[in-house]
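Scroll down for the structure; my scribbles are underneath it.
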Amino acid sequence: MRTSLMRTTDNNGGKSVIEIENLNLEDLSCIANQNLIDLQKDNPDLLVFPHSLGQYRDDVEKPHIFSLDEEKLTTYNLMGFVGRNTSQLTISSRFAKDDKNDYFLHYMLQKVFSINLLKFDQTPNKENIWNFLLYLFPYYLKKAYSQGLYKAYRKEEYNDANVKGTIDVRRHIFKNTPFMGKIAYTTREHSCNNNLTQLVRHTIEYIKTHPFGRGILTNDSEVRDIVSKFTFVTQNSYSKNSRQRIISSNLRPFSHPYFTEYTMLQKICLKILRHEKITFGKEKDKVYGLLFDGAWLWEEYLNTILKEDFIHPENKTGKKRHYLFENFQSIYPDFISKTDPKSVGDAKYIPLGLQQTYSENSEKATSIYYKTIAYMYRFNSNCGFLLFPNQETTFFETYKIKDTNGILKKIGLAIPQTSENFNEFIKVMNSNEYELKQNLIAKKRAELMTNADSYLPTP
């Protein structure tokens with residue numbers, strides 16, 4: 001049966017019209033308007049990054065991939081591809097030059113995941129997806145290790161004179177006849193050497209056999225250190241011949257109230273070791289795909305270029321949490337300047353340069369403007385800013401908040417649209433990033449130092 005393909009962009013505003021003869025509306029209807037968390041639970045081959053998408057109050061406007069109203073398909077912030085049976089939908093960045101050269105998505109992925117892909121083909125090819133999981137492995141390895149080495153109880157067998165467990169009579173007779181002073185016994189120990197850490201070790205050894213595997217594991221000093229830790233704690237029981245047994249022991253999804261980051265690491269390890277690829281019509285009626293949340297990716301990308309001057313609170317981990325009131329109501333501004341006078345900012349993936357005013361009861365005004373102004377008040381700041389991607393040219397507007405000393409900036413980072421190749425795109429982006437930092441840091445000092453002792457509300 002012929003595969004039906006369709007391409008669109010993120011945040012398309014409902015401009016994509018489904019051609020019935022090219023796509024199976026029944027397949028798309030089973031994906032459209034569906035809760036993303038429920039879709040992931042029922043379809044293990046649907047991979048969404050971040051894996052915690054929709055589980056936190058993180059301004060995700062729509063908890064589903066796309067909407068379908070009659071024959072109009074509306075996308076939101078998710079990019080990548082998704083499909084069911086023979087119908088496949090690719091969602092490119094709205095800044096993509098053409099169907100094959102989605103330089104902006106490629107560039108953000110490289111910055112956020114600290115990878116260096118020579119070629120990124122967004123075509124939903126099975127081998128490409130499997131290879132891409134190899135590059136994601138170091139990122140999720142670091143996130144898991146940030147919670148420490150996972151420990152679990154496991155049965156250990158010993159044969160010595162220091163008995164400290166249950167005597168294994170059968171093994172004792174087999175090993176210690178005639179008796180020479182040793183006793184065979186078993187213990188239950190809390191150990192870092194367990195089925196999950198063994199799974200990570202097997203994945204590490206498997207990646208080393210990939211043509212670029214050693215580079216994936218050695219390019220980053222932090223990853224090298226973590227790899228050595230997992231190698232050390234599993235050295236006494238690691239055996240390549242036990243790989244299938246370790247895989248089988250990890251088929252049940254990992255769940256732990258503290259070691260939450262190991263859940264995604266286990267999933268990626270299993271897919272790498274089993275050389276699983278996203279299924280394309282093989283499992284009937286199952287949804288498959290690889291998707292990235294553009295809002296999350298944009299925010300994390302901005303952090304890679306602003307982290308020297310701005311704090312980046314993380315609502316998904318609780319790191320650098322602040323409170324709106326004395327001891328309650330957690331808040332997580334995307335960016336808070338490290339130096340005084342403070343400035344606070346929000347990352348917005350939406351095309352903010354095209355929007356200026358909203359109706360009195362507009363929810364968009366609440367989420368876009370009012371929240372940032374509330375953060376300004378909380379941190380005694382006279383300067384707030386909104387950062388968004390803008391096509392081709394830099395966007396900069398400043399709004400004075402009526403009857404106060406406060407100003408709100410809308411700053412659009414220019415995304416090149418005419419680059420002939422990816423290397424040229426990177427050069428232009430680096431220049432635009434420098435301009436953005438100068439816009440934030442230099443102008444912040446010039447505008448705010450004169451009002452360093454002022455507060456947002458006018459006395």
Side-chain angles (χ1 to χ4, degrees), residues 1-55 60-94 96 99-100 102 105 121-133 136 251 253 264 267-268 270-272 274-294 296-297:
M1 195 174 191
R2 186 174 64 89
T3 300
S4 302
L5 301 174
M6 179 181 176
R7 281 185 176 270
T8 186
T9 63
D10 69 78
N11 294 281
N12 66 9
K15 295 178 182 178
S16 292
V17 178
I18 305 299
E19 296 181 8
I20 297 177
E21 65 271 18
N22 291 335
L23 280 172
N24 188 326
L25 280 178
E26 181 182 353
D27 286 336
L28 289 182
S29 298
C30 290
I31 304 173
N33 310 314
Q34 297 296 314
N35 184 285
L36 188 56
I37 297 175
D38 293 338
L39 272 178
Q40 287 182 274
K41 288 179 181 177
D42 298 333
N43 301 278
D45 280 331
L46 177 61
L47 303 181
V48 182
F49 298 92
H51 64 280
S52 56
L53 181 63
Q55 298 177 21
V60 178
E61 290 189 11
K62 294 291 181 181
H64 45 256
I65 302 171
F66 59 86
S67 301
L68 195 59
D69 181 15
E70 294 180 352
E71 296 176 15
K72 288 187 178 181
L73 187 145
T74 304
T75 57
Y76 303 99
N77 283 334
L78 290 174
M79 295 176 281
F81 71 91
V82 64
R84 181 177 183 265
N85 296 326
T86 59
S87 297
Q88 298 173 18
L89 172 68
T90 296
I91 306 173
S92 302
S93 157
R94 64 181 182 275
D99 287 348
K100 294 182 179 180
D102 197 347
L105 174 59
D121 184 359
Q122 203 179 347
T123 304
N125 173 277
K126 298 179 182 180
E127 197 66 23
N128 287 341
I129 299 307
W130 181 81
N131 284 336
F132 193 72
L133 290 173
L136 294 184
L251 293 180
M264 195 62 184
K267 189 172 185 178
I268 289 177
L270 286 173
K271 288 188 173 294
I272 291 174
R274 299 168 77 183
H275 206 133
E276 285 186 354
K277 311 163 184 86
I278 307 301
T279 52
F280 292 81
K282 184 177 179 181
E283 292 187 48
K284 183 174 174 55
D285 297 337
K286 286 291 184 180
V287 178
Y288 57 85
L290 177 65
L291 296 164
F292 298 92
D293 174 37
W296 171 80
L297 201 57

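Since the model is a prediction, treat every value here as computed from it, not as a measurement.
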For [X] versus [Y], what's the shortest heavy-atom pair and its separation?
X: Ala32; Y: Leu68; value: CB-CB, 3.5 Å
X: Tyr288; Y: Arg84; value: CE2-N, 3.7 Å
X: Met79; Y: Gly294; value: CE-CA, 3.6 Å
X: Arg7; Y: Ser92; value: NH1-OG, 3.6 Å
X: Ser93; Y: Thr9; value: O-CG2, 4.0 Å

| Between Val287 and Asp42, does a side chain to side chain contact (heavy atoms under 4.5 Å, CB included) hold up when you go through it step by step? | CA-CA 8 Å; Val287 178; Asp42 298 333; over 6 Å; no
Does [Y] offer a backbone N or O that forms a donor-acceptor pair with the side chain of [X] under 3.5 Å?
X: Asn43; Y: Leu46; result: no
X: Lys72; Y: Ser67; result: no
X: Asp10; Y: Asn77; result: no

| request: Walk me through it: do Asp69 and Thr74 pass the test side chain to side chain contact (heavy atoms under 4.5 Å, CB included)? | output: CA-CA 8 Å; Asp69 181 15; Thr74 304; over 6 Å; no
| Interatomic spacing from CD1 in Ile31 to CG in Leu36 - rounded to 0.5 Å | 11.0 Å
| said: Quick check for you: to the nearest 0.5 Å, what is the distance between Ser29 atom OG and Gln34 atom CD? | reply: 9.0 Å
Is any side-chain heavy atom of [X] closer than 4.5 Å to a side-chain heavy atom of [Y]?
X: Leu47; Y: Lys271; value: yes
X: Leu73; Y: Leu89; value: yes
X: Arg94; Y: Thr75; value: no
X: Leu39; Y: His64; value: no
X: Asn12; Y: Ile91; value: no
X: Phe66; Y: Val82; value: yes

| field | Candidates Leu78, Leu136, Leu291, Asp293 - the one meeting side-chain contact (heavy atoms from CB on, under 4.5 Å) with Phe49 | value | Leu136
